[in-house]
**Q** 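Below you will find the structure I want to go over with you.
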Amino acid sequence: MQSHSEIIAKLQAAETTDTLADLFKNPAFCEVYPLLRQKVVGENTAAMVGQSAGFQRKGRLASLADILRHELNPVNFRRKHPVDLLFLSYSTSRLFGLPKGWPDVYAEPFLKTAEARGLRGDILEVPAAGEYRMPRLRPGHLIGLDEIRARVWSKLRPVAPVLRYEVEACRQVFLKQGLIAESIAPAHWPALWSYFSHRRAIFTRQLRRLKPKLAIVINWYGTTCMALTSAAQGLGIPAADLQHGAQGLDDSIYGPWETPPTFSTMMPCGWLNWTVHDKANLETWLGPHQRSYVCGIPWHQLASDLLADSVDFDVLKEAAGTRPIVLVSLQPNSTPLLDYLQKVLAQPGADQFSWAVRCHPGNVNQIDQVAARFAGNANVLPVWAATFVPLSMVLSISAAHLSVFSSVVLEAAASNVPSVLSEDFGQVFFDHLGPDLLAVATDPAEMVPSIQALIARSKIASGVNDTASVAAAIDAIWQDVTEGRLTTQPPVEQRNHS
(Lines give C-alpha, C1' and ligand atoms only; values in the text may rest on other atoms or scores of the structure.)
Protein backbone atom coordinates (compact mmCIF):
# COMPACT_ATOMS: atom_id res chain seq x y z
CA MET A 1 0.00 0.00 0.00
CA GLN A 2 1.36 3.44 -0.96
CA SER A 3 1.77 6.16 1.66
CA HIS A 4 1.05 9.86 1.13
CA SER A 5 4.77 10.60 0.90
CA GLU A 6 5.26 7.83 -1.67
CA ILE A 7 2.43 9.19 -3.83
CA ILE A 8 3.87 12.69 -3.86
CA ALA A 9 7.39 11.35 -4.49
CA LYS A 10 6.10 9.50 -7.57
CA LEU A 11 4.30 12.61 -8.78
CA GLN A 12 7.43 14.69 -8.40
CA ALA A 13 9.48 12.04 -10.18
CA ALA A 14 6.98 12.10 -13.04
CA GLU A 15 7.11 15.89 -13.23
CA THR A 16 10.89 15.87 -13.66
CA THR A 17 10.91 13.47 -16.62
CA ASP A 18 11.83 14.75 -20.06
CA THR A 19 8.34 13.91 -21.32
CA LEU A 20 6.54 16.13 -18.83
CA ALA A 21 9.22 18.80 -19.09
CA ASP A 22 8.43 19.04 -22.80
CA LEU A 23 4.68 19.00 -22.14
CA PHE A 24 5.01 21.85 -19.64
CA LYS A 25 6.36 24.04 -22.45
CA ASN A 26 2.84 23.95 -23.91
CA PRO A 27 0.59 26.53 -22.17
CA ALA A 28 -2.50 24.53 -23.14
CA PHE A 29 -1.17 21.49 -21.29
CA CYS A 30 -0.23 23.61 -18.25
CA GLU A 31 -3.84 24.82 -18.19
CA VAL A 32 -5.33 21.32 -17.87
CA TYR A 33 -2.56 19.70 -15.81
CA PRO A 34 -4.13 20.46 -12.38
CA LEU A 35 -7.25 18.55 -13.46
CA LEU A 36 -5.16 15.57 -14.55
CA ARG A 37 -3.09 15.60 -11.40
CA GLN A 38 -5.98 15.85 -8.97
CA LYS A 39 -7.79 12.96 -10.65
CA VAL A 40 -4.73 10.74 -10.37
CA VAL A 41 -4.16 11.84 -6.77
CA GLY A 42 -7.78 11.00 -5.95
CA GLU A 43 -7.44 7.49 -7.38
CA ASN A 44 -4.22 6.73 -5.54
CA THR A 45 -5.32 8.24 -2.23
CA ALA A 46 -8.59 6.30 -2.38
CA ALA A 47 -6.67 3.08 -3.03
CA MET A 48 -4.41 3.87 -0.06
CA VAL A 49 -7.26 4.21 2.44
CA GLY A 50 -9.47 1.54 0.89
CA GLN A 51 -12.17 3.78 -0.59
CA SER A 52 -13.81 4.06 -3.97
CA ALA A 53 -12.44 7.02 -5.89
CA GLY A 54 -15.88 7.80 -7.25
CA PHE A 55 -17.95 10.45 -5.52
CA GLN A 56 -21.14 9.11 -3.96
CA ARG A 57 -24.21 10.80 -5.49
CA LYS A 58 -26.85 8.60 -3.96
CA GLY A 59 -29.37 11.31 -3.16
CA ARG A 60 -28.53 13.65 -6.03
CA LEU A 61 -29.09 11.17 -8.85
CA ALA A 62 -31.33 8.54 -7.27
CA SER A 63 -33.75 11.03 -5.75
CA LEU A 64 -34.45 13.73 -8.33
CA ALA A 65 -37.73 14.52 -6.55
CA ASP A 66 -35.80 15.55 -3.44
CA ILE A 67 -33.60 17.88 -5.46
CA LEU A 68 -36.58 19.46 -7.16
CA ARG A 69 -38.34 19.92 -3.83
CA HIS A 70 -35.41 21.81 -2.36
CA GLU A 71 -34.21 23.72 -5.39
CA LEU A 72 -37.21 24.61 -7.58
CA ASN A 73 -38.55 27.35 -5.34
CA PRO A 74 -38.55 31.16 -5.46
CA VAL A 75 -36.26 31.48 -2.43
CA ASN A 76 -33.47 29.56 -4.14
CA PHE A 77 -33.55 31.91 -7.15
CA ARG A 78 -33.80 35.20 -5.30
CA ARG A 79 -30.14 36.18 -5.63
CA LYS A 80 -29.83 38.53 -8.58
CA HIS A 81 -27.70 41.27 -7.03
CA PRO A 82 -23.92 41.56 -7.41
CA VAL A 83 -21.75 40.47 -4.47
CA ASP A 84 -18.24 41.28 -3.30
CA LEU A 85 -17.33 37.88 -1.87
CA LEU A 86 -18.63 34.55 -3.21
CA PHE A 87 -18.16 31.19 -1.50
CA LEU A 88 -18.48 27.78 -3.12
CA SER A 89 -19.20 25.29 -0.37
CA TYR A 90 -20.93 21.97 0.31
CA SER A 91 -23.90 20.96 2.43
CA THR A 92 -21.47 18.90 4.52
CA SER A 93 -19.79 22.16 5.53
CA ARG A 94 -22.84 22.62 7.75
CA LEU A 95 -21.20 20.45 10.39
CA PHE A 96 -23.82 20.70 13.13
CA GLY A 97 -27.39 21.76 13.67
CA LEU A 98 -28.45 24.50 16.08
CA PRO A 99 -31.98 25.63 16.98
CA LYS A 100 -31.56 28.57 14.57
CA GLY A 101 -30.37 26.30 11.76
CA TRP A 102 -27.26 24.64 10.33
CA PRO A 103 -24.36 27.12 9.92
CA ASP A 104 -21.77 26.72 7.17
CA VAL A 105 -18.77 26.64 9.48
CA TYR A 106 -16.33 27.68 6.73
CA ALA A 107 -18.29 30.52 5.16
CA GLU A 108 -20.15 31.92 8.20
CA PRO A 109 -17.14 33.46 10.03
CA PHE A 110 -15.87 35.00 6.77
CA LEU A 111 -19.20 36.37 5.61
CA LYS A 112 -20.09 37.78 9.01
CA THR A 113 -16.71 39.50 9.18
CA ALA A 114 -17.09 40.78 5.62
CA GLU A 115 -20.54 42.19 6.36
CA ALA A 116 -19.12 44.10 9.33
CA ARG A 117 -16.78 45.75 6.83
CA GLY A 118 -19.59 46.71 4.47
CA LEU A 119 -18.96 43.88 1.99
CA ARG A 120 -21.77 41.81 0.51
CA GLY A 121 -21.28 38.03 0.42
CA ASP A 122 -23.12 34.93 -0.74
CA ILE A 123 -22.78 31.14 -0.94
CA LEU A 124 -23.15 28.68 -3.79
CA GLU A 125 -23.91 25.36 -2.10
CA VAL A 126 -23.49 21.87 -3.52
CA PRO A 127 -25.68 19.23 -1.82
CA ALA A 128 -22.87 16.73 -1.24
CA ALA A 129 -24.08 13.14 -1.74
CA GLY A 130 -27.53 14.62 -2.40
CA GLU A 131 -27.88 15.70 1.22
CA TYR A 132 -29.67 18.87 2.30
CA ARG A 133 -29.21 20.06 5.88
CA MET A 134 -32.25 22.10 6.75
CA PRO A 135 -33.07 24.64 8.02
CA ARG A 136 -29.93 26.49 7.02
CA LEU A 137 -28.45 29.40 8.92
CA ARG A 138 -27.59 31.93 6.21
CA PRO A 139 -29.07 29.97 3.28
CA GLY A 140 -26.90 29.67 0.21
CA HIS A 141 -27.93 29.28 -3.42
CA LEU A 142 -28.40 25.52 -3.93
CA ILE A 143 -26.74 24.29 -7.11
CA GLY A 144 -27.44 20.56 -7.11
CA LEU A 145 -29.49 20.94 -10.27
CA ASP A 146 -26.54 22.62 -11.95
CA GLU A 147 -24.43 19.58 -11.16
CA ILE A 148 -27.00 17.36 -12.87
CA ARG A 149 -27.40 19.76 -15.83
CA ALA A 150 -23.66 19.62 -16.45
CA ARG A 151 -23.67 15.82 -16.45
CA VAL A 152 -26.70 15.59 -18.73
CA TRP A 153 -25.39 18.21 -21.15
CA SER A 154 -21.97 16.55 -21.21
CA LYS A 155 -23.69 13.45 -22.62
CA LEU A 156 -26.18 15.17 -24.94
CA ARG A 157 -23.84 17.93 -26.12
CA PRO A 158 -20.36 16.52 -25.61
CA VAL A 159 -17.42 18.90 -25.75
CA ALA A 160 -14.58 17.49 -27.82
CA PRO A 161 -11.65 16.53 -25.59
CA VAL A 162 -8.50 18.61 -25.84
CA LEU A 163 -4.90 17.39 -25.94
CA ARG A 164 -5.67 13.68 -26.42
CA TYR A 165 -2.07 12.85 -27.31
CA GLU A 166 -0.57 14.98 -24.54
CA VAL A 167 -2.91 13.61 -21.86
CA GLU A 168 -2.11 10.03 -22.83
CA ALA A 169 1.63 10.79 -22.85
CA CYS A 170 1.27 12.23 -19.34
CA ARG A 171 -0.70 9.18 -18.22
CA GLN A 172 2.01 6.83 -19.46
CA VAL A 173 4.58 8.69 -17.37
CA PHE A 174 2.35 8.32 -14.31
CA LEU A 175 1.95 4.59 -14.98
CA LYS A 176 5.71 4.11 -15.29
CA GLN A 177 6.09 5.67 -11.84
CA GLY A 178 3.70 3.10 -10.39
CA LEU A 179 0.68 5.39 -10.07
CA ILE A 180 -2.92 4.45 -10.87
CA ALA A 181 -4.17 6.66 -13.72
CA GLU A 182 -7.37 5.05 -14.99
CA SER A 183 -9.44 8.22 -14.58
CA ILE A 184 -7.56 10.01 -17.40
CA ALA A 185 -7.30 7.00 -19.72
CA PRO A 186 -8.47 7.48 -23.34
CA ALA A 187 -11.76 5.79 -22.45
CA HIS A 188 -12.50 8.32 -19.67
CA TRP A 189 -10.79 11.59 -20.60
CA PRO A 190 -13.44 12.70 -23.15
CA ALA A 191 -16.29 12.34 -20.63
CA LEU A 192 -14.28 14.08 -17.89
CA TRP A 193 -13.37 17.02 -20.13
CA SER A 194 -16.93 17.35 -21.44
CA TYR A 195 -18.37 17.45 -17.91
CA PHE A 196 -15.73 19.89 -16.68
CA SER A 197 -16.32 22.20 -19.65
CA HIS A 198 -20.08 22.33 -19.12
CA ARG A 199 -19.69 22.81 -15.37
CA ARG A 200 -17.29 25.68 -15.93
CA ALA A 201 -19.64 27.27 -18.49
CA ILE A 202 -22.53 27.24 -16.00
CA PHE A 203 -20.35 28.91 -13.37
CA THR A 204 -19.18 31.49 -15.92
CA ARG A 205 -22.77 32.57 -16.56
CA GLN A 206 -23.47 32.83 -12.81
CA LEU A 207 -20.30 34.80 -12.15
CA ARG A 208 -21.14 37.30 -14.90
CA ARG A 209 -24.42 37.94 -13.10
CA LEU A 210 -23.07 38.05 -9.53
CA LYS A 211 -19.88 39.97 -10.40
CA PRO A 212 -17.85 39.02 -7.28
CA LYS A 213 -14.49 40.62 -6.68
CA LEU A 214 -13.19 37.48 -4.92
CA ALA A 215 -14.25 33.83 -5.02
CA ILE A 216 -13.38 31.42 -2.20
CA VAL A 217 -13.66 27.65 -2.61
CA ILE A 218 -13.57 24.84 -0.07
CA ASN A 219 -11.40 22.05 -1.50
CA TRP A 220 -10.03 23.65 -4.68
CA TYR A 221 -8.97 20.33 -6.21
CA GLY A 222 -12.51 18.90 -6.26
CA THR A 223 -13.73 18.97 -9.86
CA THR A 224 -16.64 21.32 -9.08
CA CYS A 225 -14.44 23.74 -7.14
CA MET A 226 -11.80 23.61 -9.84
CA ALA A 227 -14.47 24.46 -12.42
CA LEU A 228 -15.50 27.54 -10.42
CA THR A 229 -11.86 28.54 -9.88
CA SER A 230 -11.21 28.30 -13.61
CA ALA A 231 -14.43 30.16 -14.49
CA ALA A 232 -13.67 32.97 -12.04
CA GLN A 233 -10.05 33.44 -13.01
CA GLY A 234 -10.95 33.20 -16.69
CA LEU A 235 -13.05 36.31 -16.05
CA GLY A 236 -10.24 38.01 -14.14
CA ILE A 237 -11.78 37.32 -10.70
CA PRO A 238 -9.17 36.11 -8.16
CA ALA A 239 -10.00 32.75 -6.53
CA ALA A 240 -8.71 31.54 -3.17
CA ASP A 241 -8.71 28.12 -1.53
CA LEU A 242 -9.77 27.89 2.12
CA GLN A 243 -8.00 25.09 3.99
CA HIS A 244 -10.44 22.35 4.99
CA GLY A 245 -8.14 19.74 6.53
CA ALA A 246 -4.61 18.58 7.18
CA GLN A 247 -1.96 19.78 4.75
CA GLY A 248 1.83 19.52 4.76
CA LEU A 249 4.82 18.71 2.59
CA ASP A 250 3.71 15.08 2.32
CA ASP A 251 0.20 15.91 1.16
CA SER A 252 -0.24 14.90 -2.47
CA ILE A 253 -2.25 18.06 -3.28
CA TYR A 254 -0.85 20.68 -0.89
CA GLY A 255 2.68 19.31 -0.81
CA PRO A 256 5.22 20.63 -3.34
CA TRP A 257 4.50 20.42 -7.05
CA GLU A 258 7.84 19.90 -8.76
CA THR A 259 6.66 22.02 -11.69
CA PRO A 260 3.51 23.85 -10.57
CA PRO A 261 1.44 25.17 -13.49
CA THR A 262 1.16 28.62 -11.97
CA PHE A 263 -0.42 30.00 -15.15
CA SER A 264 -3.44 27.65 -15.07
CA THR A 265 -6.81 29.22 -14.34
CA MET A 266 -7.67 25.97 -12.51
CA MET A 267 -5.22 26.70 -9.67
CA PRO A 268 -6.12 29.46 -7.17
CA CYS A 269 -3.98 32.54 -6.82
CA GLY A 270 -4.90 32.91 -3.11
CA TRP A 271 -4.59 30.43 -0.25
CA LEU A 272 -6.19 30.79 3.19
CA ASN A 273 -4.40 28.61 5.77
CA TRP A 274 -5.19 27.62 9.33
CA THR A 275 -1.66 28.02 10.70
CA VAL A 276 1.70 29.60 9.96
CA HIS A 277 3.04 26.05 9.57
CA ASP A 278 0.63 25.33 6.69
CA LYS A 279 1.39 28.70 5.13
CA ALA A 280 5.13 27.98 5.24
CA ASN A 281 4.59 24.62 3.53
CA LEU A 282 2.73 26.20 0.63
CA GLU A 283 5.27 28.97 0.21
CA THR A 284 7.98 26.41 -0.59
CA TRP A 285 6.42 25.91 -4.01
CA LEU A 286 3.78 28.54 -4.82
CA GLY A 287 4.41 30.74 -7.84
CA PRO A 288 5.38 34.42 -7.41
CA HIS A 289 1.89 35.67 -8.31
CA GLN A 290 0.23 33.43 -5.69
CA ARG A 291 -0.26 34.68 -2.14
CA SER A 292 -1.07 32.87 1.12
CA TYR A 293 -2.76 34.13 4.30
CA VAL A 294 -3.27 32.74 7.81
CA CYS A 295 -6.87 32.77 9.03
CA GLY A 296 -6.92 30.30 11.93
CA ILE A 297 -9.50 27.51 12.10
CA PRO A 298 -12.71 29.27 11.00
CA TRP A 299 -15.30 27.42 13.08
CA HIS A 300 -13.29 27.98 16.26
CA GLN A 301 -14.17 31.63 15.67
CA LEU A 302 -17.92 31.25 15.44
CA ALA A 303 -19.74 33.53 17.86
CA SER A 304 -20.01 31.96 21.31
CA ASP A 305 -23.65 33.03 21.65
CA LEU A 306 -24.44 31.10 18.46
CA LEU A 307 -22.76 27.92 19.72
CA ALA A 308 -24.40 28.22 23.12
CA ASP A 309 -27.68 27.23 21.47
CA SER A 310 -26.51 23.59 21.13
CA VAL A 311 -29.02 21.62 23.20
CA ASP A 312 -27.05 18.38 22.72
CA PHE A 313 -24.04 19.68 24.68
CA ASP A 314 -25.69 19.10 28.05
CA VAL A 315 -26.71 15.61 26.93
CA LEU A 316 -23.09 14.79 26.16
CA LYS A 317 -21.77 16.13 29.47
CA GLU A 318 -24.44 14.38 31.51
CA ALA A 319 -23.81 11.04 29.79
CA ALA A 320 -20.06 11.31 30.41
CA GLY A 321 -20.42 11.94 34.11
CA THR A 322 -17.04 12.23 35.83
CA ARG A 323 -15.13 10.07 33.32
CA PRO A 324 -12.65 11.90 31.02
CA ILE A 325 -13.90 12.09 27.42
CA VAL A 326 -11.96 10.65 24.47
CA LEU A 327 -13.22 12.09 21.19
CA VAL A 328 -13.15 9.55 18.34
CA SER A 329 -13.21 11.18 14.88
CA LEU A 330 -14.42 8.88 12.14
CA GLN A 331 -13.45 9.35 8.51
CA PRO A 332 -15.39 8.57 5.31
CA ASN A 333 -14.32 4.91 5.43
CA SER A 334 -15.18 4.39 9.10
CA THR A 335 -15.12 0.58 9.34
CA PRO A 336 -11.39 0.12 10.15
CA LEU A 337 -11.46 2.59 13.03
CA LEU A 338 -14.77 1.23 14.37
CA ASP A 339 -13.33 -2.31 14.36
CA TYR A 340 -10.22 -0.99 16.09
CA LEU A 341 -12.26 0.89 18.70
CA GLN A 342 -14.26 -2.20 19.62
CA LYS A 343 -10.99 -3.95 20.42
CA VAL A 344 -9.82 -0.94 22.44
CA LEU A 345 -13.00 -0.96 24.51
CA ALA A 346 -12.26 -4.54 25.54
CA GLN A 347 -8.85 -3.55 26.95
CA PRO A 348 -8.17 -3.02 30.67
CA GLY A 349 -8.61 0.62 31.66
CA ALA A 350 -10.88 1.55 28.74
CA ASP A 351 -13.81 1.90 31.13
CA GLN A 352 -12.02 4.78 32.85
CA PHE A 353 -13.01 6.96 29.89
CA SER A 354 -16.15 8.05 28.09
CA TRP A 355 -15.80 7.57 24.32
CA ALA A 356 -17.46 10.20 22.12
CA VAL A 357 -17.73 8.68 18.63
CA ARG A 358 -18.24 11.44 16.06
CA CYS A 359 -19.33 10.59 12.50
CA HIS A 360 -17.64 12.24 9.53
CA PRO A 361 -19.63 15.26 8.27
CA GLY A 362 -20.38 13.42 5.03
CA ASN A 363 -21.66 10.33 6.84
CA VAL A 364 -24.17 11.63 9.36
CA ASN A 365 -26.69 9.24 7.80
CA GLN A 366 -24.68 6.43 9.42
CA ILE A 367 -25.28 7.57 13.00
CA ASP A 368 -27.80 4.83 13.76
CA GLN A 369 -25.53 2.14 12.29
CA VAL A 370 -22.56 3.34 14.30
CA ALA A 371 -24.61 3.59 17.49
CA ALA A 372 -25.88 0.04 17.01
CA ARG A 373 -22.31 -1.28 17.10
CA PHE A 374 -21.89 0.01 20.64
CA ALA A 375 -25.39 -0.64 21.98
CA GLY A 376 -25.22 -1.65 25.63
CA ASN A 377 -21.76 -0.16 26.22
CA ALA A 378 -22.29 2.50 28.87
CA ASN A 379 -18.88 4.03 28.19
CA VAL A 380 -19.81 5.08 24.64
CA LEU A 381 -21.67 8.38 24.63
CA PRO A 382 -24.74 9.01 22.43
CA VAL A 383 -23.36 9.06 18.89
CA TRP A 384 -25.89 11.62 17.66
CA ALA A 385 -24.86 14.06 20.41
CA ALA A 386 -21.14 13.54 19.79
CA THR A 387 -21.72 14.17 16.06
CA PHE A 388 -23.99 17.21 16.22
CA VAL A 389 -22.48 19.19 19.10
CA PRO A 390 -20.14 21.85 17.62
CA LEU A 391 -16.65 20.37 17.48
CA SER A 392 -15.02 23.20 19.41
CA MET A 393 -17.44 22.52 22.28
CA VAL A 394 -16.73 18.77 22.27
CA LEU A 395 -13.01 19.52 22.34
CA SER A 396 -13.53 21.90 25.27
CA ILE A 397 -14.56 18.93 27.45
CA SER A 398 -12.31 16.26 25.90
CA ALA A 399 -9.14 14.89 27.50
CA ALA A 400 -7.82 13.18 24.37
CA HIS A 401 -8.62 12.45 20.73
CA LEU A 402 -8.42 9.26 18.64
CA SER A 403 -8.45 9.03 14.83
CA VAL A 404 -6.77 7.46 11.80
CA PHE A 405 -5.48 10.76 10.34
CA SER A 406 -8.38 13.24 10.56
CA SER A 407 -7.60 16.95 10.46
CA VAL A 408 -9.38 17.10 13.83
CA VAL A 409 -5.87 16.34 15.14
CA LEU A 410 -4.97 19.96 14.32
CA GLU A 411 -8.15 21.31 15.84
CA ALA A 412 -7.57 19.25 18.96
CA ALA A 413 -4.01 20.57 19.23
CA ALA A 414 -5.33 24.14 18.97
CA SER A 415 -7.48 23.31 22.02
CA ASN A 416 -4.54 21.68 23.86
CA VAL A 417 -6.05 18.20 23.42
CA PRO A 418 -3.55 15.43 22.51
CA SER A 419 -4.29 12.87 19.78
CA VAL A 420 -3.46 9.22 19.21
CA LEU A 421 -3.49 7.79 15.67
CA SER A 422 -4.54 4.20 15.05
CA GLU A 423 -2.42 3.98 11.87
CA ASP A 424 1.08 5.26 11.30
CA PHE A 425 0.65 6.40 7.66
CA GLY A 426 -1.08 9.62 8.75
CA GLN A 427 1.68 10.69 11.11
CA VAL A 428 3.55 12.67 8.43
CA PHE A 429 0.82 15.34 8.47
CA PHE A 430 1.20 16.06 12.17
CA ASP A 431 4.84 15.45 13.14
CA HIS A 432 5.31 19.16 13.76
CA LEU A 433 3.01 18.90 16.79
CA GLY A 434 5.62 16.98 18.76
CA PRO A 435 5.33 14.05 21.20
CA ASP A 436 3.30 15.97 23.77
CA LEU A 437 0.34 16.29 21.42
CA LEU A 438 0.69 13.25 19.16
CA ALA A 439 1.25 9.50 19.50
CA VAL A 440 0.63 6.42 17.37
CA ALA A 441 -0.84 3.17 18.73
CA THR A 442 -1.45 0.64 15.96
CA ASP A 443 -2.04 -2.11 18.54
CA PRO A 444 -5.39 -1.67 20.38
CA ALA A 445 -3.66 -2.81 23.58
CA GLU A 446 -1.43 0.29 23.36
CA MET A 447 -4.23 2.82 23.05
CA VAL A 448 -5.27 3.29 26.69
CA PRO A 449 -1.66 3.57 27.97
CA SER A 450 -0.88 6.03 25.15
CA ILE A 451 -3.86 8.20 26.05
CA GLN A 452 -2.97 8.13 29.74
CA ALA A 453 0.63 9.13 28.99
CA LEU A 454 -0.39 12.02 26.73
CA ILE A 455 -2.92 13.37 29.21
CA ALA A 456 -0.24 13.34 31.89
CA ARG A 457 2.13 15.57 29.91
CA SER A 458 -0.15 17.54 27.58
CA LYS A 459 1.28 20.89 26.48
CA ILE A 460 0.39 23.57 23.94
CA ALA A 461 2.04 23.09 20.54
CA SER A 462 3.80 26.10 19.04
CA GLY A 463 2.50 27.26 15.69
CA VAL A 464 -0.99 25.85 16.27
CA ASN A 465 -2.47 27.92 19.06
CA ASP A 466 -1.62 31.24 17.43
CA THR A 467 -3.45 34.54 17.20
CA ALA A 468 -4.48 34.19 13.56
CA SER A 469 -8.01 35.27 12.81
CA VAL A 470 -10.52 35.36 9.99
CA ALA A 471 -10.79 39.13 10.46
CA ALA A 472 -7.08 39.68 9.87
CA ALA A 473 -7.13 37.36 6.84
CA ILE A 474 -10.14 39.13 5.32
CA ASP A 475 -8.46 42.51 5.77
CA ALA A 476 -5.22 41.29 4.18
CA ILE A 477 -6.69 39.47 1.21
CA TRP A 478 -9.25 42.18 0.48
CA GLN A 479 -6.54 44.84 0.50
CA ASP A 480 -4.54 42.74 -1.96
CA VAL A 481 -7.62 42.35 -4.18
CA THR A 482 -8.49 46.05 -4.22
CA GLU A 483 -4.88 47.15 -4.71
CA GLY A 484 -4.26 44.64 -7.50
CA ARG A 485 -1.68 42.46 -5.72
CA LEU A 486 -3.86 39.34 -5.85
CA THR A 487 -4.35 38.82 -9.54
CA THR A 488 -5.21 35.96 -11.88
CA GLN A 489 -2.16 36.59 -14.07
CA PRO A 490 1.55 36.32 -13.23
CA PRO A 491 3.77 39.41 -13.63
CA VAL A 492 4.68 40.31 -17.21
CA GLU A 493 8.38 39.57 -16.66
CA GLN A 494 7.49 36.07 -15.42
CA ARG A 495 5.28 35.38 -18.45
CA ASN A 496 8.06 36.53 -20.75
CA HIS A 497 10.58 34.34 -18.94
CA SER A 498 8.39 31.27 -19.35
**Q** Look at the aromatic rings of Tyr221 and His244 and report parallel, tilted or perpendicular, splitting at 30° and 60°.
**A** tilted
**Q** Side chains of Phe430 and Leu410: does their closest heavy-atom pair fall under 4.5 Å?
**A** yes
**Q** Go through the side-chain N and O atoms of Gln331 and Ser406 and say whether any donor and acceptor fall under 3.5 Å apart.
**A** no
**Q** What verdict does the ring-ring contact (aromatic ring centres under 6.0 Å, His included) test give for Phe405 and Phe425, after you've listed the backbone C-alpha separation in whole Å, the side-chain angles of each residue and the deciding distance to 0.1 Å?
**A** CA-CA 8 Å; Phe405 66 103; Phe425 64 77; 5.4 Å; yes
**Q** Exactly one of Thr45, Asn219, Val41 should register a side-chain contact (heavy atoms from CB on, under 4.5 Å) with Ile253. Which one does?
**A** Val41
**Q** If you measure from CZ on Phe110 to CG on Leu242, what distance do you get to the nearest 0.5 Å?
**A** 5.0 Å
**Q** Taking all non-hydrogen atoms of both residues, which atom of Ser292 and which atom of Asn273 are closest, and how far apart?
**A** CB-OD1, 3.7 Å
**Q** How long is the straight-line distance from CG of Asp146 back to NE2 of His198, given to the nearest 0.5 Å?
**A** 13.5 Å
**Q** So how far is it from Glu125 CD to Ser93 OG, rounded to the nearest 0.5 Å?
**A** 7.5 Å
**Q** Can you name the one residue among Met266, Glu15, Met267, Glu166 that meets side-chain contact (heavy atoms from CB on, under 4.5 Å) with Tyr33?
**A** Glu15
**Q** Any side-chain donor paired with an acceptor under 3.5 Å for Ser403 and Ser329?
**A** no
**Q** When you measure from the centre of the six-membered ring of Phe96, is the NZ or CZ of Arg94 closer than 6.0 Å and no more than 45° off the axis?
**A** no
**Q** Side-chain atoms of residues 296-303: list all donor-acceptor pairs with protein atoms under 3.5 Å, sequence neighbours left out, distances to 0.1 Å.
**A**
unit_1 : atom_1 : unit_2 : atom_2 : d
Trp299 : NE1    : Glu411 : OE1    : 2.4
Gln301 : OE1    : Val470 : N      : 2.8
Gln301 : NE2    : Cys295 : O      : 2.9
Gln301 : NE2    : Ile297 : O      : 3.4

**Q** Sequence neighbours left out, what pairs pass salt bridge (charged side-chain N to carboxylate O under 4.0 Å, His left out) with at least one residue falling in residues 214-242?
**A** none
**Q** Any salt bridge between Arg373 and Asp339, counting N to O under 4.0 Å?
**A** yes
**Q** Side-chain donor-acceptor pairs under 3.5 Å in residues 152-159, sequence neighbours left out?
**A**
unit_1 : atom_1 : unit_2 : atom_2 : d
Ser154 : OG     : Ala150 : O      : 3.3
Ser154 : OG     : Arg151 : O      : 2.7

